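The block underneath contains the structure these notes are about, expressed in structure tokens.
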Amino acid sequence: MITETNSVKTVFITGASSGIGRACAIRLATQGHRLILNARRREKIDELAGYLKKEFQTHVMKLIFDVRDKEAVFAEINGLPEDWKNIDVLVNNAGLALGLADLHEADIRDWEQMIDTNIKGLLYVSKAIIPGMIERKKGQIINIGSIAAKENYLKGNVYCATKHAVDSINQAMRMELLPHNIRVNLVNPGATNTEFSLVRFKGDKTAADNVYKGFKPLTGEDIADCISFCIELPEHVNINDMLIMPTAQARASMIYKQNN
Ligand code: NDP
Ligand code: 8X3
């Protein structure tokens with residue numbers, strides 16, 4: 001619902017084809033916002049855009065690109081039509097973990113993809129969008145970190161490092177964008193049942209399902225509520241850093257599981 005404090009905004013969501021990003025798109029559509037939806041899988045974005053238009057009459061712009069592709073990021077964002085150029089909110093959500101292994105046993109290609117997506121991709125998209133926000137003297141950037149941005153866990157090494165980097169970049173943005181009236185938020189989820197583990201375990205559904213067995217994990221919708229909360233707060237209120245955990249999870253590697 002649009003209230004006095006939150007007018008209709010143009011919100012750019014990376015990684016909108018699944019999980020937290022998809023749930024965020026649906027949540028923000030129910031509130032009447034205009035959405036720019038990005039991911040690599042065109043068919044998922046087409047399906048989501050169709051759903052949002054039909055259910056909520058949402059104005060949607062689809063931007064299919066890989067955030068690792070620097071040229072594509074700048075070309076697509078700079079090439080947005082005039083009426084989509086004024087992005088009010090960027091949700092830097094696209095990201096992934098690949099593998100769960102000690103450093104000496106891990107696949108280097110997994111490290112590269114995580115670093116290129118979670119750190120460099122986030123930086124490219126931000127660099128393409130921030131100048132417009134500075135020019136308009138307003139905006140908001142919501143970076144999706146993780147409990148892995150706050151703690152390390154065994155075999156999480158490079159994924160945790162990428163999310164620690166997101167925490168660090170978030171702090172830098174908060175300081176640098178201070179004079180420009182741009183809000184900057186870090187939203188850090190704990191265990192959230194999305195495609196995350198299926199991707200981490202490269203399609204091994206049993207391994208992925210095991211992660212969420214024996215307790216109630218967060219859902220994409222839970223995190224979408226938090227993102228929406230950051231957006232809807234009055235303009236003078238900024239959540240610097242938010243850590244959201246399932247009640248059954250105290251730390252990254254401390255989950256209270258029943259029958260396990
Ligand atoms: P999902 O796998 O369900 O969603 C990840 C999204 O990122 C997909 O839409 C995927 O789309 C997109 N994506 C991945 N790589 C790229 C890329 N190179 N370019 C563009 N889009 C990309 O996982 P979640 O929803 O859980 O993950 C969302 C964010 O939340 C990630 O940053 C993750 O690290 C973080 N997170 C997740 C937690 C969890 O437990 N699930 C906990 C803490 C943080 P496509 O494949 O179509 O490109
Ligand atoms: C995703 C949650 O704990 O697998 O960031 O790193 S965790």
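Both ligands and their constituent atoms are indexed starting at 1 by order of listing. Computed from a predicted model, the values in this text were never measured in an experiment.
Within the structure, the closest approach of K163 to ligand 1 falls below 4.0 Å when heavy atoms are considered. Residue-ligand proximity: G220 is placed with every non-hydrogen atom at 4.0 Å or more from ligand 1. Using a 4.0 angstrom heavy-atom cutoff, A16 counts as in contact with ligand 1. Not a single heavy atom of K163 sits closer than 4.0 Å to an atom of ligand 2.
Applying the 4.0 Å criterion to heavy atoms of F65 picks out, from ligand 1, the atoms 19 (N), 20 (C). Taking every heavy atom of D66 and a limit of under 4.0 angstrom, the matching atoms of ligand 1 come to 17 (C), 18 (N), 19 (N). Close approach of ligand 2 to I147 is summarised as follows: ligand atoms under 4.0 Å from at least one heavy atom of the residue are 3 (O). Below 4.0 Å from some heavy atom of Y159 lie the following atoms of ligand 2, by number and element: 1 (C), 5 (O), 6 (O). Residue G19 approaches ligand 1 through these ligand atoms, each under 4.0 Å from one of its heavy atoms: 3 (O), 25 (O). Heavy-atom proximity to A148, at under 4.0 Å, picks out these atoms of ligand 2: 6 (O). Within ligand 2, the atoms closer than 4.0 Å to a non-hydrogen atom of R200 are 4 (O), numbered from 1 in the order shown.
Using a 4.5 Å cut-off on side-chain heavy atoms (C-beta onward), L186 and M242 make no contact. Between L96 and Y159, the closest side-chain pair of non-hydrogen atoms is not below 4.5 Å.
Considering backbone and side-chain atoms alike, Y212 places every N or O at 3.5 Å or more from each N or O of ligand 1. Distances between N or O atoms of I144 and those of ligand 1 include no value under 3.5 Å. Considering backbone and side-chain atoms alike, S146 places every N or O at 3.5 Å or more from each N or O of ligand 1. Looking at S18 next to ligand 1, an N or O pair under 3.5 Å apart turns up.
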### Message
Please determine whether salt bridge (Lys or Arg N to Asp or Glu O under 4.0 Å) holds for the pair D116 and K120, giving the CA-CA distance in whole Å, both sets of side-chain angles, and the decisive distance to 0.1 Å.
### Response
CA-CA 5 Å; D116 289 348; K120 291 165 70 180; 3.4 Å; yes
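Ring-plane geometry between F12 and F65 is classed as tilted, the angle between the planes lying from 30 to 60 degrees on a 0 to 90 degree scale.
Each of I142 and I169 belongs to its own hydrophobic cluster when Ile, Leu, Val, Met, Phe, Trp and Tyr are linked at side-chain heavy-atom distances under 4.5 angstrom.
A donor-acceptor contact under 3.5 angstrom links the side chains of N188 and D241, judged on distance only. N86 and D88 share no donor-acceptor pair across their side chains, judged by distance under 3.5 Å alone. Inspection of the T219 and D222 side chains reveals an N or O donor paired with an N or O acceptor under 3.5 Å.
Aromatic ring centres of F201 and F196: separated by at least 6.0 Å.
For atom 2 (C) of ligand 2, the closest non-hydrogen atom of the protein is S146 OG, 3.8 Å. What sits closest to atom 42 (C) of ligand 1 on the protein, heavy atoms only, is G190 O, 3.2 Å. Scanning all protein heavy atoms for the shortest distance to atom 19 (N) of ligand 1 gives V67 N, 3.0 Å. Ranking protein heavy atoms by distance to atom 8 (C) of ligand 1, first place goes to S17 OG, 3.6 Å. From the protein, the heavy atom lying nearest to atom 36 (N) of ligand 1 is Y159 OH, 3.9 Å. For atom 21 (N) of ligand 1, the nearest non-hydrogen atom of the protein is A94 CB, 3.6 Å. Closest to atom 29 (C) of ligand 1 among all protein heavy atoms lies N93 O, 3.1 Å. Closest protein heavy atom to atom 7 (S) of ligand 2: Y153 OH, 3.4 Å. Counting only heavy atoms of the protein, atom 40 (O) of ligand 1 lies nearest to T192 N, 2.9 Å. Protein heavy atom in closest approach to atom 43 (C) of ligand 1: P189 O, 3.1 Å.
In this structure, of G145, G95, A224, S197, the residue bringing a heavy atom nearest to atom 7 (O) of ligand 1 is G95. Atom 46 (O) of ligand 1 has its nearest heavy-atom neighbour, among Q113, R40, R68, K44, in R40.
Summarising the geometry of V237 relative to R183, their closest heavy-atom pair is O-NH1, 2.9 Å, with the distance given to 0.1 Å.
We find that K9 and E235 are joined by a salt bridge, their nearest charged nitrogen and carboxylate oxygen being less than 4.0 Å apart. Ion pairing of R22 with E47 is present here, as a side-chain N (NZ or NE/NH1/NH2) and a carboxylate O approach within less than 4.0 Å.
Residue A148 does not touch ligand 1, judged by heavy-atom distances below 4.0 Å.
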